[in-house]
Amino acid sequence: MTDFDQLIEDIEQEAIAEGPEAVAALRSLDSQLHIAGQLLALRHRRGLTQRQLSELSGIQQADISRIECGETRPTTVTAKRLADALGVDFGFYETDTTRKTVPVEPTSVKAA
């Protein structure tokens, strides 16, 4: 286990010890930073500046900056527009047991 992995484990254990509200806050922050990292990585892979992505998506450059910095989460509409501009699918993902992010597979659901 690396020092970083140990730090993350310590933060998670501290949140658990503090209770459900702390765990929920940590999960929310994790989600927000995950979105920020994905957007930044995809934009860089496409060789785009924030200004270019703004022009392609119709999302203001300042909003893209705030999302990439983890200051805010995009609305569903904004996320869809960014995904379309980047040429990627927009969907729901979950973390598997190895902490790898994988798409949620559709299943048939029976009405309750």
Counting only heavy atoms not in [X], do more than 12 fall under 6.0 Å of its [atom1]?
{"X": "Gln60", "atom1": "CD", "value": "no"}
{"X": "Asp10", "atom1": "CG", "value": "yes"}
{"X": "Gln6", "atom1": "CD", "value": "yes"}

Check whether any side-chain heavy atom of [X] lies under 4.5 Å from a side-chain heavy atom of [Y], and answer yes or no.
{"X": "Leu82", "Y": "Val88", "result": "no"}
{"X": "Gln13", "Y": "Ile16", "result": "yes"}
{"X": "Leu42", "Y": "Leu48", "result": "no"}

Full working for side-chain contact (heavy atoms from CB on, under 4.5 Å) between Gln52 and Thr49 | CA-CA 5 Å; Gln52 290 169 322; Thr49 64; 3.2 Å; yes
Pair listing, salt bridge (charged side-chain N to carboxylate O under 4.0 Å, His left out) test, anchored in residues 34-61, at least two apart | Arg43-Glu68
Between [atom1] on residue [X] and [atom2] on residue [Y], distance to nearest 0.5 Å:
{"X": "Glu9", "Y": "Thr2", "atom1": "CD", "atom2": "OG1", "value": "11.5 Å"}
{"X": "Leu86", "Y": "Leu56", "atom1": "CG", "atom2": "CG", "value": "8.0 Å"}
{"X": "Cys69", "Y": "Leu40", "atom1": "SG", "atom2": "CG", "value": "8.5 Å"}
{"X": "Glu12", "Y": "Leu7", "atom1": "CD", "atom2": "CG", "value": "10.0 Å"}

Scan Thr78, Ile67, Ile35 and name whichever one has a side chain to side chain contact (heavy atoms under 4.5 Å, CB included) with Arg73.
->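 Only match with Arg73 under side chain to side chain contact (heavy atoms under 4.5 Å, CB included): Ile35.
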Do any N or O atoms from the side chain of Thr72 and from the backbone of Arg66 form a donor-acceptor pair under 3.5 angstrom?
-> no
Donor-acceptor pair, side chain of Ser57 and main chain of Leu53, under 3.5 angstrom =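 It does hold such a pair.
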Looking only at heavy atoms, what is the nearest atom pair of Gln61 and Ser54, with distance?
-> N-OG, 3.4 Å
